[in-house]
Amino acid sequence: MKLILTLFKRNLLIFLFLISLISFSSLSLSKHNAVVVTRHHLATEVGSKILQDGGNAFDAAISVAFALAVVNPSAGNIGGGGFALLYDANKKTIESIDYRERAPIKAKENMFLDEKDNVIKGLSTSSFLASGIPGTVDGMYQIHKKYGSVPISKLISPAVELAEKGFRLSKFQANYFNKNRDKFSKNPETKKIFVKKDMWKKGDLFKQKDLAKTLKRISKFGRDEFYSGETAKKIINYYKKNGGIFTQNDFLNYQSKFKPPLCSTFIDYDICSMSLPSSGGIVLSQSLNILENFDLTSYDHDSLNYNRLLTEAMRFSFADRSEFLGDADFNNFDISKITSKKYAKTLASIIKSSKSKVDIDSPGEYFTESEETTHFSIIDSNGNAVSNTYTLNTAYGSGIIAKGTGILMNNEMDDFSIKPGFPNFFGLVGSDANKVESKKAPLSSMTPTIVFQEGKPFLITGSPGGSTIISTVLQLLLNVLIFDMEIDEASIAKRIHHQWKPDILFIENEKKLEGIDKLGFDTIYRERIGETHSILFHENRYEGFADLRRPDGKAISVH
Ligand code: GLY
(Lines give C-alpha, C1' and ligand atoms only; values in the text may rest on other atoms or scores of the structure.)
Protein backbone atom coordinates (compact mmCIF):
# COMPACT_ATOMS: atom_id res chain seq x y z
CA MET A 1 0.00 0.00 0.00
CA LYS A 2 2.89 2.32 0.96
CA LEU A 3 4.54 1.59 -2.39
CA ILE A 4 1.31 2.33 -4.30
CA LEU A 5 0.94 5.63 -2.44
CA THR A 6 4.56 6.57 -3.18
CA LEU A 7 4.16 5.75 -6.88
CA PHE A 8 0.90 7.68 -7.00
CA LYS A 9 2.55 10.73 -5.38
CA ARG A 10 5.50 10.58 -7.77
CA ASN A 11 3.32 10.19 -10.86
CA LEU A 12 1.07 12.98 -9.70
CA LEU A 13 4.08 15.29 -9.47
CA ILE A 14 5.24 14.33 -12.97
CA PHE A 15 1.68 14.77 -14.28
CA LEU A 16 1.36 18.24 -12.70
CA PHE A 17 4.75 19.16 -14.07
CA LEU A 18 3.81 18.10 -17.61
CA ILE A 19 0.52 20.00 -17.38
CA SER A 20 2.41 23.13 -16.40
CA LEU A 21 4.69 22.63 -19.39
CA ILE A 22 1.74 22.20 -21.77
CA SER A 23 -0.06 25.27 -20.48
CA PHE A 24 2.92 27.42 -21.36
CA SER A 25 3.61 25.76 -24.68
CA SER A 26 2.98 28.93 -26.65
CA LEU A 27 5.83 30.64 -24.82
CA SER A 28 8.41 28.03 -25.70
CA LEU A 29 7.33 27.66 -29.33
CA SER A 30 8.68 31.07 -30.20
CA LYS A 31 12.19 31.06 -31.66
CA HIS A 32 15.09 32.55 -29.76
CA ASN A 33 18.86 32.45 -29.88
CA ALA A 34 20.65 29.15 -29.35
CA VAL A 35 23.62 28.74 -27.00
CA VAL A 36 26.41 26.23 -26.53
CA VAL A 37 28.74 26.43 -23.54
CA THR A 38 31.49 23.92 -22.82
CA ARG A 39 34.84 23.50 -21.11
CA HIS A 40 36.78 23.90 -24.37
CA HIS A 41 36.41 26.56 -27.04
CA LEU A 42 36.94 24.07 -29.90
CA ALA A 43 34.14 21.81 -28.62
CA THR A 44 31.88 24.85 -28.27
CA GLU A 45 32.65 25.77 -31.89
CA VAL A 46 31.85 22.21 -32.99
CA GLY A 47 28.46 22.36 -31.22
CA SER A 48 27.53 25.79 -32.52
CA LYS A 49 28.40 24.77 -36.10
CA ILE A 50 26.02 21.81 -35.82
CA LEU A 51 23.27 24.20 -34.69
CA GLN A 52 24.05 26.69 -37.46
CA ASP A 53 23.80 23.88 -40.00
CA GLY A 54 20.29 23.01 -38.81
CA GLY A 55 21.00 20.34 -36.22
CA ASN A 56 19.11 20.37 -32.93
CA ALA A 57 20.42 20.60 -29.35
CA PHE A 58 20.69 16.81 -29.13
CA ASP A 59 22.79 16.59 -32.30
CA ALA A 60 25.01 19.36 -30.95
CA ALA A 61 25.37 17.58 -27.60
CA ILE A 62 26.49 14.33 -29.27
CA SER A 63 29.00 16.16 -31.43
CA VAL A 64 30.32 18.12 -28.43
CA ALA A 65 30.65 14.95 -26.35
CA PHE A 66 32.81 13.25 -29.01
CA ALA A 67 34.84 16.44 -29.58
CA LEU A 68 35.56 16.89 -25.86
CA ALA A 69 36.93 13.34 -25.79
CA VAL A 70 39.64 14.70 -28.09
CA VAL A 71 40.24 18.29 -26.98
CA ASN A 72 39.61 17.89 -23.25
CA PRO A 73 41.11 14.46 -22.53
CA SER A 74 41.29 14.93 -18.75
CA ALA A 75 37.51 14.49 -18.50
CA GLY A 76 35.88 14.49 -21.94
CA ASN A 77 35.73 10.87 -22.92
CA ILE A 78 34.56 7.79 -24.68
CA GLY A 79 36.25 5.64 -22.02
CA GLY A 80 34.00 6.86 -19.20
CA GLY A 81 30.37 7.69 -18.63
CA GLY A 82 27.90 10.24 -17.39
CA PHE A 83 24.41 11.60 -17.32
CA ALA A 84 22.33 13.98 -19.41
CA LEU A 85 19.01 15.73 -19.00
CA LEU A 86 17.13 16.00 -22.27
CA TYR A 87 14.30 18.49 -22.75
CA ASP A 88 12.18 18.11 -25.88
CA ALA A 89 10.48 21.45 -26.52
CA ASN A 90 8.12 20.03 -29.10
CA LYS A 91 6.75 17.22 -26.95
CA LYS A 92 7.22 19.18 -23.72
CA THR A 93 8.91 16.24 -22.07
CA ILE A 94 12.01 15.95 -19.99
CA GLU A 95 13.88 12.76 -19.32
CA SER A 96 17.36 11.78 -18.29
CA ILE A 97 19.79 9.25 -19.62
CA ASP A 98 22.10 7.30 -17.33
CA TYR A 99 25.18 6.20 -19.24
CA ARG A 100 27.22 5.71 -16.09
CA GLU A 101 29.87 2.98 -16.07
CA ARG A 102 28.90 -0.38 -14.58
CA ALA A 103 31.15 -2.65 -12.51
CA PRO A 104 32.48 -5.66 -14.45
CA ILE A 105 30.64 -8.96 -13.93
CA LYS A 106 33.59 -10.36 -11.99
CA ALA A 107 33.72 -7.39 -9.58
CA LYS A 108 33.53 -8.32 -5.90
CA GLU A 109 32.85 -6.44 -2.69
CA ASN A 110 36.38 -6.90 -1.34
CA MET A 111 38.30 -6.57 -4.61
CA PHE A 112 40.25 -3.53 -3.43
CA LEU A 113 41.20 -4.99 -0.02
CA ASP A 114 44.11 -7.18 1.07
CA GLU A 115 43.72 -10.35 3.15
CA LYS A 116 43.58 -8.23 6.31
CA ASP A 117 40.78 -6.14 4.84
CA ASN A 118 43.00 -3.12 4.39
CA VAL A 119 42.50 -0.95 1.31
CA ILE A 120 45.28 -1.52 -1.25
CA LYS A 121 46.49 1.92 -2.22
CA GLY A 122 45.90 2.92 -5.84
CA LEU A 123 44.02 -0.24 -6.85
CA SER A 124 40.69 1.56 -7.33
CA THR A 125 42.23 4.61 -8.99
CA SER A 126 45.17 3.64 -11.18
CA SER A 127 45.18 -0.10 -11.83
CA PHE A 128 43.60 -2.40 -14.41
CA LEU A 129 40.83 -2.99 -11.83
CA ALA A 130 39.97 0.71 -11.57
CA SER A 131 37.69 0.98 -14.60
CA GLY A 132 33.99 0.34 -14.98
CA ILE A 133 32.49 -0.58 -18.35
CA PRO A 134 32.32 2.71 -20.27
CA GLY A 135 28.89 4.06 -21.21
CA THR A 136 29.51 7.21 -23.23
CA VAL A 137 29.39 5.66 -26.71
CA ASP A 138 26.17 3.77 -25.98
CA GLY A 139 24.69 6.86 -24.31
CA MET A 140 25.39 9.08 -27.31
CA TYR A 141 23.97 6.51 -29.74
CA GLN A 142 20.81 6.12 -27.61
CA ILE A 143 20.32 9.89 -27.54
CA HIS A 144 20.83 9.99 -31.29
CA LYS A 145 18.36 7.19 -31.97
CA LYS A 146 15.63 8.95 -30.03
CA TYR A 147 16.32 12.63 -30.66
CA GLY A 148 18.92 13.05 -33.41
CA SER A 149 18.17 14.71 -36.74
CA VAL A 150 21.61 14.63 -38.41
CA PRO A 151 23.43 11.40 -39.42
CA ILE A 152 25.69 10.43 -36.53
CA SER A 153 28.75 10.13 -38.79
CA LYS A 154 28.46 13.90 -39.34
CA LEU A 155 28.38 14.43 -35.59
CA ILE A 156 31.48 12.34 -34.96
CA SER A 157 33.48 13.70 -37.89
CA PRO A 158 34.67 16.94 -36.15
CA ALA A 159 36.15 14.78 -33.37
CA VAL A 160 37.90 12.57 -35.95
CA GLU A 161 39.37 15.62 -37.61
CA LEU A 162 40.56 17.17 -34.33
CA ALA A 163 42.23 13.89 -33.34
CA GLU A 164 43.78 13.26 -36.76
CA LYS A 165 44.98 16.75 -37.67
CA GLY A 166 45.57 17.77 -34.08
CA PHE A 167 44.82 20.98 -32.24
CA ARG A 168 46.97 23.60 -30.51
CA LEU A 169 47.41 23.21 -26.77
CA SER A 170 46.58 26.14 -24.54
CA LYS A 171 49.02 27.14 -21.83
CA PHE A 172 46.73 25.57 -19.25
CA GLN A 173 46.58 22.26 -21.12
CA ALA A 174 50.30 22.10 -21.80
CA ASN A 175 51.00 22.65 -18.11
CA TYR A 176 48.36 20.11 -17.11
CA PHE A 177 49.91 17.47 -19.39
CA ASN A 178 53.34 18.19 -17.88
CA LYS A 179 51.95 18.04 -14.35
CA ASN A 180 50.52 14.57 -15.02
CA ARG A 181 53.70 13.26 -16.66
CA ASP A 182 54.36 10.65 -13.95
CA LYS A 183 50.83 9.32 -14.17
CA PHE A 184 51.05 9.05 -17.98
CA SER A 185 54.46 7.40 -17.81
CA LYS A 186 53.13 4.38 -15.90
CA ASN A 187 51.41 3.04 -19.01
CA PRO A 188 53.46 2.73 -22.23
CA GLU A 189 50.50 3.57 -24.49
CA THR A 190 49.59 6.67 -22.51
CA LYS A 191 53.22 7.71 -22.33
CA LYS A 192 53.54 7.40 -26.11
CA ILE A 193 50.71 9.89 -26.64
CA PHE A 194 50.79 12.24 -23.65
CA VAL A 195 54.46 12.55 -22.68
CA LYS A 196 56.79 14.81 -24.64
CA LYS A 197 60.52 14.62 -24.03
CA ASP A 198 61.03 18.38 -23.90
CA MET A 199 57.76 19.03 -22.07
CA TRP A 200 54.65 20.47 -23.66
CA LYS A 201 54.25 24.16 -24.24
CA LYS A 202 51.51 26.52 -25.35
CA GLY A 203 50.80 26.24 -29.08
CA ASP A 204 52.13 22.68 -29.52
CA LEU A 205 50.12 20.66 -32.03
CA PHE A 206 48.63 17.65 -30.24
CA LYS A 207 47.59 14.74 -32.48
CA GLN A 208 45.90 11.47 -31.40
CA LYS A 209 46.20 9.09 -34.38
CA ASP A 210 44.94 5.95 -32.59
CA LEU A 211 41.96 7.78 -31.19
CA ALA A 212 41.17 9.12 -34.67
CA LYS A 213 41.17 5.56 -36.04
CA THR A 214 38.93 4.36 -33.20
CA LEU A 215 36.48 7.22 -33.73
CA LYS A 216 36.43 6.50 -37.48
CA ARG A 217 35.58 2.85 -36.83
CA ILE A 218 32.80 3.86 -34.42
CA SER A 219 31.44 6.30 -36.97
CA LYS A 220 31.49 3.60 -39.68
CA PHE A 221 30.23 0.57 -37.74
CA GLY A 222 28.13 2.22 -35.04
CA ARG A 223 27.92 1.69 -31.27
CA ASP A 224 28.53 -2.06 -31.63
CA GLU A 225 32.08 -1.30 -32.74
CA PHE A 226 32.78 -0.16 -29.18
CA TYR A 227 30.93 -3.01 -27.46
CA SER A 228 31.59 -6.03 -29.70
CA GLY A 229 33.90 -4.91 -32.52
CA GLU A 230 37.60 -4.38 -32.87
CA THR A 231 37.65 -1.67 -30.20
CA ALA A 232 36.01 -3.94 -27.59
CA LYS A 233 38.44 -6.74 -28.43
CA LYS A 234 41.45 -4.46 -28.10
CA ILE A 235 40.34 -3.18 -24.69
CA ILE A 236 39.33 -6.59 -23.29
CA ASN A 237 42.49 -8.35 -24.45
CA TYR A 238 44.77 -5.62 -23.15
CA TYR A 239 43.04 -5.64 -19.77
CA LYS A 240 43.15 -9.47 -19.57
CA LYS A 241 46.86 -9.46 -20.35
CA ASN A 242 47.51 -6.98 -17.55
CA GLY A 243 45.51 -8.55 -14.73
CA GLY A 244 42.15 -6.88 -15.42
CA ILE A 245 38.77 -8.64 -15.16
CA PHE A 246 36.91 -7.35 -18.24
CA THR A 247 35.07 -10.00 -20.25
CA GLN A 248 33.28 -9.92 -23.58
CA ASN A 249 29.94 -10.20 -21.78
CA ASP A 250 30.66 -7.03 -19.81
CA PHE A 251 30.76 -5.09 -23.04
CA LEU A 252 27.98 -7.04 -24.79
CA ASN A 253 25.62 -6.42 -21.86
CA TYR A 254 26.28 -2.71 -21.44
CA GLN A 255 23.13 -0.62 -21.81
CA SER A 256 22.52 2.98 -20.90
CA LYS A 257 19.06 3.77 -19.57
CA PHE A 258 16.50 6.51 -20.14
CA LYS A 259 14.94 7.42 -16.77
CA PRO A 260 12.62 10.03 -15.32
CA PRO A 261 14.71 12.84 -13.85
CA LEU A 262 14.24 13.90 -10.26
CA CYS A 263 11.97 16.95 -10.47
CA SER A 264 11.02 19.06 -7.49
CA THR A 265 9.88 22.59 -6.80
CA PHE A 266 11.74 25.48 -5.26
CA ILE A 267 9.71 28.63 -4.70
CA ASP A 268 8.22 29.32 -8.17
CA TYR A 269 10.59 27.10 -10.11
CA ASP A 270 10.50 23.49 -11.27
CA ILE A 271 13.94 21.99 -10.89
CA CYS A 272 14.89 18.80 -12.70
CA SER A 273 18.16 17.04 -12.04
CA MET A 274 19.72 13.59 -12.05
CA SER A 275 18.53 10.76 -9.85
CA LEU A 276 20.28 7.51 -8.93
CA PRO A 277 22.86 6.25 -9.60
CA SER A 278 23.77 9.90 -9.17
CA SER A 279 23.18 11.43 -5.79
CA GLY A 280 23.35 14.89 -7.40
CA GLY A 281 19.65 15.65 -7.85
CA ILE A 282 18.74 14.09 -4.50
CA VAL A 283 21.26 16.08 -2.44
CA LEU A 284 20.41 19.23 -4.43
CA SER A 285 16.69 18.77 -3.87
CA GLN A 286 17.09 17.98 -0.16
CA SER A 287 19.30 21.04 0.36
CA LEU A 288 16.88 23.35 -1.48
CA ASN A 289 13.93 21.91 0.44
CA ILE A 290 15.67 22.66 3.73
CA LEU A 291 16.59 26.19 2.65
CA GLU A 292 13.07 26.91 1.41
CA ASN A 293 12.02 27.02 5.07
CA PHE A 294 14.01 30.21 5.60
CA ASP A 295 13.30 33.71 4.36
CA LEU A 296 16.36 33.58 2.13
CA THR A 297 15.85 36.96 0.48
CA SER A 298 16.31 38.61 3.86
CA TYR A 299 19.95 37.47 4.07
CA ASP A 300 23.04 39.04 2.55
CA HIS A 301 24.79 36.68 0.13
CA ASP A 302 28.10 36.97 2.00
CA SER A 303 26.70 37.08 5.52
CA LEU A 304 27.71 34.63 8.20
CA ASN A 305 24.07 33.69 8.82
CA TYR A 306 23.35 32.79 5.20
CA ASN A 307 26.56 30.79 4.88
CA ARG A 308 25.82 28.93 8.10
CA LEU A 309 22.39 27.92 6.77
CA LEU A 310 23.90 26.82 3.49
CA THR A 311 26.54 24.77 5.29
CA GLU A 312 24.02 23.03 7.54
CA ALA A 313 21.74 22.23 4.58
CA MET A 314 24.71 20.63 2.80
CA ARG A 315 25.83 18.75 5.91
CA PHE A 316 22.43 17.15 6.48
CA SER A 317 22.02 16.23 2.82
CA PHE A 318 25.53 14.81 2.39
CA ALA A 319 25.18 12.83 5.63
CA ASP A 320 22.08 11.14 4.21
CA ARG A 321 23.90 10.57 0.92
CA SER A 322 26.65 8.71 2.76
CA GLU A 323 24.27 6.60 4.74
CA PHE A 324 21.51 5.68 2.31
CA LEU A 325 22.41 6.14 -1.35
CA GLY A 326 23.64 3.65 -3.93
CA ASP A 327 22.53 2.27 -7.31
CA ALA A 328 18.72 1.90 -7.10
CA ASP A 329 18.87 -1.40 -9.02
CA PHE A 330 20.62 -2.89 -5.97
CA ASN A 331 18.99 -1.06 -3.04
CA ASN A 332 15.42 -0.58 -1.97
CA PHE A 333 15.80 2.79 -0.32
CA ASP A 334 12.81 5.07 -0.89
CA ILE A 335 14.42 8.40 -1.83
CA SER A 336 11.23 10.34 -1.14
CA LYS A 337 12.11 9.87 2.55
CA ILE A 338 14.96 12.34 2.20
CA THR A 339 13.60 14.52 -0.60
CA SER A 340 10.22 15.20 1.02
CA LYS A 341 9.28 18.74 2.06
CA LYS A 342 8.14 17.36 5.42
CA TYR A 343 11.54 15.86 6.26
CA ALA A 344 13.24 19.08 5.13
CA LYS A 345 11.00 21.04 7.49
CA THR A 346 12.12 18.89 10.42
CA LEU A 347 15.79 19.43 9.53
CA ALA A 348 15.22 23.16 9.04
CA SER A 349 13.65 23.43 12.50
CA ILE A 350 16.76 21.82 14.03
CA ILE A 351 18.95 24.37 12.23
CA LYS A 352 16.63 27.19 13.36
CA SER A 353 16.78 26.15 16.99
CA SER A 354 20.57 26.08 17.04
CA LYS A 355 22.80 29.15 17.04
CA SER A 356 25.98 27.27 16.13
CA LYS A 357 27.01 24.06 14.36
CA VAL A 358 24.42 21.27 14.60
CA ASP A 359 25.50 17.78 15.75
CA ILE A 360 24.86 15.22 13.00
CA ASP A 361 26.08 11.90 14.33
CA SER A 362 23.49 9.52 12.93
CA PRO A 363 22.14 10.51 9.54
CA GLY A 364 18.45 9.81 9.19
CA GLU A 365 17.68 9.89 12.89
CA TYR A 366 15.15 12.62 12.17
CA PHE A 367 13.11 10.55 9.70
CA THR A 368 9.47 10.53 10.44
CA GLU A 369 8.70 7.85 8.11
CA SER A 370 40.43 15.97 -9.04
CA GLU A 371 38.10 17.89 -9.46
CA GLU A 372 37.74 16.44 -12.92
CA THR A 373 34.59 15.81 -14.80
CA THR A 374 33.14 18.13 -17.38
CA HIS A 375 29.79 19.73 -17.97
CA PHE A 376 28.24 21.33 -21.03
CA SER A 377 24.90 23.07 -21.55
CA ILE A 378 23.10 23.54 -24.87
CA ILE A 379 19.81 25.08 -25.96
CA ASP A 380 18.66 25.34 -29.57
CA SER A 381 16.40 27.98 -31.11
CA ASN A 382 13.32 25.77 -30.66
CA GLY A 383 13.94 25.44 -26.93
CA ASN A 384 15.29 21.87 -26.89
CA ALA A 385 17.87 21.69 -24.14
CA VAL A 386 20.63 19.33 -23.02
CA SER A 387 22.44 19.46 -19.71
CA ASN A 388 25.26 16.91 -19.81
CA THR A 389 27.92 15.97 -17.26
CA TYR A 390 30.35 13.15 -17.98
CA THR A 391 33.68 12.02 -16.66
CA LEU A 392 36.62 9.65 -16.38
CA ASN A 393 36.48 10.33 -12.60
CA THR A 394 39.88 11.81 -11.65
CA ALA A 395 41.97 13.74 -14.19
CA TYR A 396 42.70 11.46 -17.18
CA GLY A 397 40.91 8.61 -15.33
CA SER A 398 43.08 5.59 -14.58
CA GLY A 399 45.77 6.96 -16.92
CA ILE A 400 45.54 3.69 -18.85
CA ILE A 401 45.07 3.48 -22.62
CA ALA A 402 44.44 0.04 -24.11
CA LYS A 403 47.00 -0.57 -26.84
CA GLY A 404 46.05 0.85 -30.22
CA THR A 405 42.78 2.50 -29.11
CA GLY A 406 43.87 5.95 -27.96
CA ILE A 407 41.07 5.76 -25.38
CA LEU A 408 41.84 6.93 -21.85
CA MET A 409 39.98 4.61 -19.49
CA ASN A 410 38.04 5.75 -16.43
CA ASN A 411 38.78 4.99 -12.78
CA GLU A 412 35.18 5.13 -11.72
CA MET A 413 35.39 2.04 -9.47
CA ASP A 414 36.76 4.44 -6.83
CA ASP A 415 33.31 6.01 -6.58
CA PHE A 416 32.12 2.84 -4.85
CA SER A 417 32.47 2.64 -1.11
CA ILE A 418 35.37 0.19 -1.41
CA LYS A 419 35.29 -0.36 2.35
CA PRO A 420 32.51 1.00 4.58
CA GLY A 421 33.62 4.28 6.12
CA PHE A 422 36.81 4.48 4.00
CA PRO A 423 36.93 7.81 2.15
CA ASN A 424 37.23 7.77 -1.64
CA PHE A 425 39.30 10.21 -3.71
CA PHE A 426 36.83 12.98 -2.88
CA GLY A 427 36.81 12.14 0.83
CA LEU A 428 33.27 10.79 0.51
CA VAL A 429 32.31 7.89 2.72
CA GLY A 430 29.56 5.41 1.98
CA SER A 431 27.65 2.51 3.41
CA ASP A 432 26.67 -0.94 2.12
CA ALA A 433 24.24 0.79 -0.24
CA ASN A 434 27.24 1.78 -2.35
CA LYS A 435 29.46 -1.30 -1.88
CA VAL A 436 31.10 -2.89 -4.93
CA GLU A 437 28.82 -5.42 -6.62
CA SER A 438 28.90 -7.12 -9.99
CA LYS A 439 27.23 -5.01 -12.73
CA LYS A 440 26.40 -2.22 -10.28
CA ALA A 441 26.87 1.52 -10.97
CA PRO A 442 29.04 3.42 -8.48
CA LEU A 443 27.28 6.31 -6.77
CA SER A 444 27.93 9.61 -8.52
CA SER A 445 27.65 13.27 -7.57
CA MET A 446 27.10 14.53 -11.11
CA THR A 447 24.28 17.07 -11.16
CA PRO A 448 23.21 18.09 -14.67
CA THR A 449 20.25 20.38 -13.98
CA ILE A 450 17.55 22.28 -15.83
CA VAL A 451 15.42 24.84 -14.00
CA PHE A 452 12.05 25.66 -15.55
CA GLN A 453 10.11 28.86 -15.06
CA GLU A 454 6.53 28.79 -16.27
CA GLY A 455 7.25 25.64 -18.22
CA LYS A 456 10.22 27.03 -20.12
CA PRO A 457 13.93 26.26 -19.62
CA PHE A 458 15.21 29.11 -17.47
CA LEU A 459 18.61 27.91 -16.26
CA ILE A 460 20.73 25.02 -17.55
CA THR A 461 23.79 24.18 -15.53
CA GLY A 462 26.18 21.63 -14.05
CA SER A 463 29.78 21.37 -12.92
CA PRO A 464 32.79 19.13 -12.42
CA GLY A 465 34.34 18.75 -8.97
CA GLY A 466 33.50 15.34 -7.47
CA SER A 467 31.51 15.89 -4.30
CA THR A 468 31.72 19.68 -4.74
CA ILE A 469 29.64 19.38 -7.92
CA ILE A 470 26.45 19.35 -5.88
CA SER A 471 27.28 22.33 -3.66
CA THR A 472 28.48 24.25 -6.71
CA VAL A 473 25.19 23.70 -8.56
CA LEU A 474 23.23 24.46 -5.37
CA GLN A 475 24.97 27.83 -4.96
CA LEU A 476 24.68 28.73 -8.63
CA LEU A 477 20.91 28.12 -8.40
CA LEU A 478 20.57 30.16 -5.20
CA ASN A 479 22.65 33.01 -6.64
CA VAL A 480 20.27 33.28 -9.60
CA LEU A 481 16.93 32.32 -8.06
CA ILE A 482 17.28 34.09 -4.70
CA PHE A 483 19.91 36.78 -5.17
CA ASP A 484 18.87 37.75 -8.73
CA MET A 485 22.42 37.58 -10.02
CA GLU A 486 23.07 37.48 -13.73
CA ILE A 487 24.82 34.38 -14.99
CA ASP A 488 28.36 35.80 -14.99
CA GLU A 489 28.06 37.14 -11.45
CA ALA A 490 26.36 33.95 -10.22
CA SER A 491 29.15 31.83 -11.69
CA ILE A 492 32.02 33.97 -10.45
CA ALA A 493 30.75 34.38 -6.86
CA LYS A 494 32.99 32.49 -4.41
CA ARG A 495 31.66 29.21 -3.06
CA ILE A 496 31.73 27.04 0.02
CA HIS A 497 31.41 23.27 0.40
CA HIS A 498 30.61 20.91 3.28
CA GLN A 499 30.01 17.19 2.75
CA TRP A 500 29.47 16.13 6.39
CA LYS A 501 32.60 13.98 6.41
CA PRO A 502 35.32 15.12 6.62
CA ASP A 503 33.86 17.57 9.13
CA ILE A 504 35.38 20.59 7.44
CA LEU A 505 33.93 23.64 5.76
CA PHE A 506 35.82 24.29 2.54
CA ILE A 507 35.89 27.94 1.51
CA GLU A 508 37.17 29.36 -1.75
CA ASN A 509 40.17 31.64 -1.35
CA GLU A 510 39.17 35.28 -1.08
CA LYS A 511 35.75 34.55 0.38
CA LYS A 512 35.62 36.22 3.75
CA LEU A 513 33.65 34.40 6.42
CA GLU A 514 35.09 35.90 9.57
CA GLY A 515 33.60 34.40 12.70
CA ILE A 516 32.49 31.10 11.15
CA ASP A 517 35.01 29.24 13.35
CA LYS A 518 33.31 30.68 16.44
CA LEU A 519 30.16 28.84 15.36
CA GLY A 520 32.06 25.56 15.64
CA PHE A 521 33.16 24.99 12.04
CA ASP A 522 36.68 23.91 11.14
CA THR A 523 37.63 25.53 7.85
CA ILE A 524 40.07 24.95 5.03
CA TYR A 525 40.59 27.38 2.18
CA ARG A 526 40.68 25.97 -1.37
CA GLU A 527 41.84 27.52 -4.60
CA ARG A 528 38.74 26.47 -6.48
CA ILE A 529 35.33 24.91 -5.93
CA GLY A 530 33.56 23.70 -9.06
CA GLU A 531 33.43 25.12 -12.57
CA THR A 532 30.00 25.79 -14.04
CA HIS A 533 29.00 26.02 -17.69
CA SER A 534 25.57 27.52 -17.66
CA ILE A 535 22.84 29.10 -19.76
CA LEU A 536 20.32 31.54 -18.27
CA PHE A 537 17.21 33.07 -19.83
CA HIS A 538 17.58 36.79 -19.26
CA GLU A 539 15.83 39.73 -20.91
CA ASN A 540 14.25 37.66 -23.67
CA ARG A 541 17.36 35.80 -24.71
CA TYR A 542 19.56 32.99 -23.52
CA GLU A 543 22.98 33.91 -22.15
CA GLY A 544 25.79 31.39 -21.75
CA PHE A 545 28.71 31.67 -19.41
CA ALA A 546 31.84 29.53 -19.11
CA ASP A 547 33.26 29.67 -15.59
CA LEU A 548 36.49 31.65 -15.31
CA ARG A 549 37.99 29.42 -12.60
CA ARG A 550 39.93 27.68 -15.35
CA PRO A 551 40.70 28.98 -18.83
CA ASP A 552 39.74 27.55 -22.25
CA GLY A 553 35.95 27.39 -21.77
CA LYS A 554 33.66 29.26 -24.14
CA ALA A 555 30.01 30.15 -24.70
CA ILE A 556 28.71 30.89 -28.19
CA SER A 557 25.30 32.32 -29.00
CA VAL A 558 23.89 31.30 -32.40
CA HIS A 559 21.26 33.50 -34.08
N1 GLY B 1 33.32 10.57 -10.58
C2 GLY B 1 32.72 11.64 -9.92
C3 GLY B 1 31.26 11.46 -9.77
O4 GLY B 1 30.65 10.73 -10.54
O5 GLY B 1 30.69 12.00 -8.87
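We're numbering straight along the sequence, starting at 1. Only this structure's heavy atoms are used, side chains among them; waters, hydrogens and symmetry mates stay out. Quick caveat: nothing in here was measured; it's all calculated off a predicted structure. Counting convention: from 1, in listed order, for ligands and their atoms alike.
For the residue pair Q286 and D320, a side-chain donor N or O sits within less than 3.5 Å of a side-chain acceptor on the partner. There is a side-chain donor-acceptor pair under 3.5 Å between D547 and T532.
Shown here are the side chain to side chain donor-acceptor pair (under 3.5 Å) partners of E225, two or more places apart in sequence or in another chain: R217, T231.
For the salt bridge (Lys or Arg N to Asp or Glu O under 4.0 Å) test with R549, the passing option among E508, E531, E527 is E508; the others fail.
Salt-bridge annotation for K257 and D329: present, with a side-chain N of the basic residue lying under 4.0 Å from a carboxylate O of the acidic one.
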Any protein N or O within less than 3.5 Å of an N or O in ligand 1? List each pair with its distance, or say none.
{"from": "ligand 1", "atom 1": "1 (N)", "to": "N393", "atom 2": "OD1", "distance (Å)": "2.7"}
{"from": "ligand 1", "atom 1": "1 (N)", "to": "E412", "atom 2": "OE2", "distance (Å)": "2.7"}
{"from": "ligand 1", "atom 1": "1 (N)", "to": "D415", "atom 2": "OD2", "distance (Å)": "2.6"}
{"from": "ligand 1", "atom 1": "4 (O)", "to": "R100", "atom 2": "NH1", "distance (Å)": "3.0"}
{"from": "ligand 1", "atom 1": "4 (O)", "to": "R100", "atom 2": "NH2", "distance (Å)": "3.4"}
{"from": "ligand 1", "atom 1": "4 (O)", "to": "D415", "atom 2": "OD2", "distance (Å)": "3.2"}
{"from": "ligand 1", "atom 1": "4 (O)", "to": "S444", "atom 2": "OG", "distance (Å)": "2.7"}
{"from": "ligand 1", "atom 1": "5 (O)", "to": "S444", "atom 2": "OG", "distance (Å)": "3.4"}
{"from": "ligand 1", "atom 1": "5 (O)", "to": "S445", "atom 2": "N", "distance (Å)": "2.7"}

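For the pair K501 and F318, the cation-pi criterion (under 6.0 Å, within 45° of the ring axis) is not fulfilled.
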